[in-house]
Protein chains: 2
Amino acid sequence: MKLTLEDIGRLAGVSRSTVSRVINNQPNVHDDVRANVLEVIERTGYAPNAAARSLVSGRSGVIGLVIPSRVHAIFEDPYFSRLIQGISAASNSSGNMLSLFLFQSAEEETDLYPRVVKAGFLDGLIVTATRMGDPLLASLTGSDLPVVIVGRPDTGGVSYVDVDNHDGGVKAAVHLYELGHRKIGLLGAPVSTTAGLDRLNGFVQGLATCGMALDPKLRVDGDFSESGGYEAMQKLAKQRPDAVFAASDTMAFGALRALQEHGISVPQDMAIVGFDGMPASEKSIPALTTIRQPVAETGTRAVQVLNDLISGAASAPVVEILPVELVVRQSTDSTAPALGGRR
Amino acid sequence: MKLTLEDIGRLAGVSRSTVSRVINNQPNVHDDVRANVLEVIERTGYAPNAAARSLVSGRSGVIGLVIPSRVHAIFEDPYFSRLIQGISAASNSSGNMLSLFLFQSAEEETDLYPRVVKAGFLDGLIVTATRMGDPLLASLTGSDLPVVIVGRPDTGGVSYVDVDNHDGGVKAAVHLYELGHRKIGLLGAPVSTTAGLDRLNGFVQGLATCGMALDPKLRVDGDFSESGGYEAMQKLAKQRPDAVFAASDTMAFGALRALQEHGISVPQDMAIVGFDGMPASEKSIPALTTIRQPVAETGTRAVQVLNDLISGAASAPVVEILPVELVVRQSTDSTAPALGGRR
DNA sequence: AGGATTCCCGGGAGCGCTCCCAGCGAATAT
DNA sequence: ATATTCGCTGGGAGCGCTCCCGGGAATCCT
């Protein structure tokens with residue numbers, strides 16, 4: 001019961017070629033004939049064979065999404081959920097299929113290139129969460145496969161889509177300064193990630209434009225996790241800053257937990273700004289002021305850029321930086337009723 | 001710079017066919033020749049073209065994972081993260097590629113069948129989180145594509161892998177009974193899901209074996225979410241049960257929050273058993289007694305069953321039920337120091 | 001009116017692979 | 001000694017599709 005172009009042609013009284021033209025929406029087919037062929041296709045439920053099509057066209061209609069090994073602990077991070085949803089939605093609507101590559105080990109990772117890429121299985125690749133000096137990235141950029149990185153990579157020459165982490169840092173610093181805070185601390189993200197680095201640099205620059213500098217004693221770095229934020233704030237709290245920029249919402253939640261245990265009220269005793277704009281940030285107590293990044297849109301844009309690269313509409317390194325937005329909530333609103341701190 | 005079998009053959013001084021035999025590990029190739037061919041392949045970095053291979057063999061080496069539209073709100077549920085990881089790991093190690101289908105709308109869903117399945121793009125399909133009476137499921141079982149459902153579907157004749165939700169309900173009931181509780185309530189999962197139904201039925205049966213019945217007034221259903229658990233417990237708390245089985249950890253967390261607000265201590269005033277065994281369940285305060293289900297293993301088994309179905313090693317409806325396990329922690333340990341309740 | 005153009009349509013070629021069969025030399029059986 | 005088998009190898013056929021080219025009919029031009 002496997003239908004081919006030839007079968008459809010026979011049923012419609014035309015040739016293989018004409019059916020092909022109809023399917024691919026090509027011109028030079030008489031309207032009556034086109035309608036008839038379409039009717040037969042509809043009636044028989046015919047769908048062209050993907051392998052045959054891909055063999056001759058050189059296109060598979062599949063894009064890959066790579067999430068490297070080390071991310072597994074973080075995989076429950078809502079960030080990835082939203083990112084995957086954005087990417088999935090965009091590839092669905094652009095007629096692509098999405099192949100997911102989660103790697104448990106470095107071997108699986110080095111396996112990717114020959115088994116998948118060289119086999120011509122993919123039209124393009126989106127890579128997330130690259131480390132600094134990621135070897136996968138190097139092997140990928142050497143090939144002629146279109147690749148888009150989500151997040152700024154530490155090497156040039158490759159296309160990427162990122163949010164404006166630097167500007168987010170600036171915005172956080174300026175916001176805290178404008179609220180009157182002068183002893184402003186940083187609960188940093190790992191500087192082994194470009195996101196962590198950019199947020200740090202932006203924050204420092206933001207302070208600088210306000211005529212301030214970041215006191216090294218007021219900076220403790222975490223690892224993006226809730227417990228990392230908790231532990232970092234344990235140390236930071238001793239210095240008693242009157243405001244802190246936590247470079248991720250999740251770390252901010254950990255920080256809030258630590259502050260609660262210390263009996264330090266937010267925002268009365270200390271103002272907190274997070275980064276991410278996670279849904280949970282508006283439900284925390286107090287609701288978290290944060291730098292919202294458009295995660296799903298980042299995924300969407302990555303797919304669009306990749307499609308441009310594949311179709312040849314764009315070439316070589318395309319860079320796209322999406323804006324972030326300051327969302328002010330209770331955690332930096334000192335006029336708010338005292339909801340924070342001990343409950 | 002695209003290499004073909006013929007190229008490799010020329011370089012190795014043999015024919016296309018011999019190279020093919022070497023690549024596919026077939027017999028009847030002289031050892032010297034085999035070694036030589038292998039050397040050429042290694043040196044040139046040749047990888048056989050996936051499309052051509054799939055065209056003639058009828059196999060794509062790709063399995064699909066479908067997550068229907070309605071799940072999006074729940075997608076951040078750690079359950080799906082762990083499931084996806086299990087499925088991904090198993091398909092990686094079985095030499096398959098994984099294609100992810102997240103649907104935002106019903107249209108995308110109905111689109112799946114023609115565009116992907118009939119195109120022969122997939123060797124098999126894993127479907128999660130089916131609803132009762134899911135139309136997708138019906139259209140899929142009608143085809144000859146191997147399909148495995150994760151979670152018990154409401155129709156027969158289809159292969160599935162599930163955890164023993166029923167036994168989990170029994171274990172929860174018996175555990176609470178054995179601790180001496182006699183006014184035992186249920187914070188149920190939606191009975192529009194087979195998981196919710198099975199947990200309910202198991203719970204009722206577990207009580208029955210202890211000579212008890214579930215008082216309808218002591219049963220309130222939630223929707224798997226934290227806030228659903230919170231609201232359900234608001235109602236349930238008025239009846240003052242001395243023990244409650246929450247049919248998911250997430251709901252149990254919501255319930256704990258509600259109880260905390262009411263000043264009801266866990267486990268002193270009320271014992272709580274959850275269901276899932278999420279990582280967060282050991283970090284909650286108090287640590288949650290729960291029915292642990294092997295989520296990643298469920299995914300792994302689904303892939304294995306699917307591969308058996310694809311290879312023909314198994315046929316038609318294969319059913320696999322994985323055991324669950326009671327994990328006792330503070331939330332049902334009345335001898336524990338009073339950590340629960342108001343902090 | 002006759003030739004050039006345009007619009008449709010059909011069939012050959014070939015994408016890179018696997019499968020099948022024929023051939024060939026060497027080893028074994030009769 | 002010839003007949004039979006077996007291990008190994010090469011090449012033809014064909015998977016279902018797209019692309020290209022050529023032919024026939026309808027339309028256009030001067």
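Numbers restart at 1 for each chain; the letters A, B, ... are given by sequence-line order, proteins then strands. Source: prediction; values computed, not measured.
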Hey, does the side chain of [X] reach the backbone of [Y] with a donor-acceptor pair shorter than 3.5 angstrom?
X	Y	value
N36(B)	A12(B)	yes
N49(B)	A51(B)	yes
N92(A)	L102(B)	yes
N96(A)	G61(A)	yes

Quick one: [X] [atom1] to [N] [atom2], roughly how many Å, whole number?
X	N	atom1	atom2	value
N49(B)	dG14(C)	CG	P	18 Å
L5(A)	dC15(D)	CG	C1'	13 Å
E6(A)	dG14(D)	CD	C1'	13 Å
K2(A)	dG14(D)	NZ	P	17 Å
D31(B)	dG7(D)	CG	P	13 Å
R10(A)	dG10(C)	CZ	P	14 Å
L3(A)	dG16(D)	CG	C1'	12 Å
R34(A)	dC8(C)	CZ	C1'	11 Å

So do V33(A) and T18(A) actually touch side chain to side chain, heavy atoms under 4.5 Å?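 Touching, per the 4.5 Å side-chain cut-off.
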Apply the side chain to side chain contact (heavy atoms under 4.5 Å, CB included) test between V158(A) and each candidate in V148(A), V319(A), I149(A); give the one that qualifies.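 Answer to the side chain to side chain contact (heavy atoms under 4.5 Å, CB included) test with V158(A) among V148(A), V319(A), I149(A): I149(A).
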Whether [X] contacts [N] is assessed here as follows: a side-chain N or O lying under 4.0 Å from the phosphate OP1 or OP2. Is that the case?
X	N	answer
S15(B)	dG10(D)	yes
Y46(A)	dG16(D)	no
R16(B)	dG11(D)	no

From CG (L322(B)) to OG1 (T298(B)), nearest 0.5 Å: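 One gets 5.0 Å once the value is rounded to the nearest 0.5 Å.
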Residues touching DNA chain D, which here means a heavy atom under 4.0 Å, drawn from residues 17-30 of chain A: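 Under 4.0 Å from DNA chain D: S17(A), S20(A), N24(A), Q26(A).
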